[in-house]
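Since this is a predicted model, take the numbers as computed values, not measurements. By convention in this document, chain letters (A, B, ...) are assigned in the order of the sequence lines, proteins followed by strands, and residues within each chain are numbered from 1.
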Number of protein chains: 2
Amino acid sequence: MKNIPNISDAEWEVMKICWLKSAPCTANEIVKALEESTDWKPNTIKTLIGRLVKKEALGFKEEGRVYIYYPLVTEQECIQAESKSFLTRVFGGALKPMLVNFLKDEKLSQDDIEELKRLLEDRKE
Amino acid sequence: MKNIPNISDAEWEVMKICWLKSAPCTANEIVKALEESTDWKPNTIKTLIGRLVKKEALGFKEEGRVYIYYPLVTEQECIQAESKSFLTRVFGGALKPMLVNFLKDEKLSQDDIEELKRLLEDRKE
DNA sequence: GATAGTATACTACAACTGTAATCGATTACT
DNA sequence: AGTAATCGATTACAGTTGTAGTATACTATC
């Protein structure tokens, strides 16, 4: 399998934009989107895009005068990779203790709990 | 509440040793322990310890000629902090999607599933 | 007391990150 | 044609991290 590059916190925000929009987007579209959720300067965002290209997390095509960018890695792949690294670091790779920890979280609603339970039900053969 | 310092991957390994041993331990004890699980040079480990002291994740007392180190933050606190940052970055802070993601993991045994289900049961009022 | 062994402290250095400013090329407007 | 606006490329710069080497101070030994 393809190996997923490390994506930093700030870079992750850029990727999220690109994943959200199904179509490839220009640097400016990314900048616009991020100016709503962050207070990063356009140059900062350009830098992040550049780094993601270098890491091969984003690809681009020249379209006339501008570049249009598109993800080279899927959100699922990245989530899996990040999750694994988190799990390894914090829980020594042990899935269950991690889940136990989170299932205790206050913020789960009764509905959430129901849904999660159903999910577990389905896993039983 | 006290604010938890950022602890890097490598530093986390050092903290795990300190949390494991309930008693405060010397640099050498930490080095010994880590030489079994990693191939870091003693100096590397000393550096990590030093950084953790500077971040106030570890404290120390001089005990004759050597220092003995002890955690200033609990494992629980750090796990919570890391978990939160992971959740925010990767899942935009949404707990349920994260759990859904992990509950689908292949590596859960039937027993695990049972236990997790019981945990959820207990949460229902 | 000179020397060899330790312990901690200081220094090193490149890669990655967050955060941007500036440069150079091109285009659009006047 | 000259000038301003725009886009991507290059450069900047400090803080963190991984990974250690070197220096310094103290102690134990010969």
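When DNA chain D is scanned in the 5' to 3' direction for atoms under 4.0 Å from non-hydrogen atoms of chain A, the outermost contacting nucleotides are D:dT6 to D:dA12.
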Determine all donor-acceptor pairs shorter than 3.5 Å in which one atom belongs to a side chain in residues 20-34 of chain B; sequence neighbours excluded.
from  : atom 1 : to    : atom 2 : distance (Å)
B:T26 : OG1    : B:N28 : N      : 3.4
B:T26 : OG1    : B:E29 : N      : 3.1
B:E29 : OE1    : B:T26 : N      : 2.8

Solution key, residues 55-72 of chain A side-chain donor-acceptor pairs under 3.5 Å, sequence neighbours excluded:
from  : atom 1 : to    : atom 2 : distance (Å)
A:K55 : NZ     : A:N6  : O      : 2.9
A:K55 : NZ     : A:E11 : OE1    : 2.6
A:K55 : NZ     : A:E11 : OE2    : 3.1

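Contacts between residues 28-43 of chain B and DNA chain D, counted as heavy-atom distances below 4.0 Å, involve B:W40, B:K41, B:N43. Residues from residues 44-61 of chain A with heavy atoms under 4.0 angstrom of DNA chain D, sorted by number: A:K46, A:R51.
Mapping B:Y69 and A:D9 onto DNA chain C via the closest heavy atom, the residue that lands nearer the 5' end is B:Y69.
With respect to A:K117 and B:E121, a salt bridge is recorded, a charged nitrogen being found less than 4.0 Å from a carboxylate O.
Between the side chain of A:S83 and the backbone N or O of A:I79 there is at least one donor-acceptor pair closer than 3.5 Å.
With sequence neighbours excluded, the residues forming a side chain to side chain contact (heavy atoms under 4.5 Å, CB included) with B:I113 are A:L120, A:R123, A:K124, B:L108, B:Q110, listed by chain and number. Under the rule for a side chain to side chain donor-acceptor pair (under 3.5 Å), A:K46 has no partner lying at least two apart in sequence or in another chain. In terms of the ring pair (Phe, Tyr, Trp, His ring centres under 6.0 Å) criterion, residue partners of B:W12 (sequence neighbours excluded) are, by chain and number, B:W19. With sequence neighbours left out, the side chain to side chain contact (heavy atoms under 4.5 Å, CB included) criterion links A:T47 to A:R51. With sequence neighbours left out, the side chain to side chain contact (heavy atoms under 4.5 Å, CB included) criterion links B:T74 to B:Q76, B:E77.
Note that the NZ atom of B:K16 and the OG atom of B:S37 stand 9.0 Å from one another [nearest 0.5 Å]. Taking CG from A:L116 and CG from B:L119, the interatomic distance works out to 11.5 Å, rounded to the nearest 0.5 Å. Residue B:S109 holds its OG atom at 10.0 Å from CG of A:L95, rounded to the nearest 0.5 Å.
Rounded to 10°, the helix from C:dG1-D:dC30 to C:dT30-D:dA1 has 30° between the axis fitted to its first five pairs and the one fitted to its last five.
Put simply, CD on A:E13 is 14 Å from C1' on C:dT17, counting in whole angstrom units. Regarding A:N6, its CG atom lies at a distance of 11 Å from the C1' atom of C:dA15, rounded to whole Å.
For residues 89-105 of chain B, the pairs satisfying salt bridge (charged side-chain N to carboxylate O under 4.0 Å, His left out) are A:D9-B:R89, A:E82-B:R89, A:D112-B:K96, A:E115-B:K96, B:D105-B:K107, with sequence neighbours left out.
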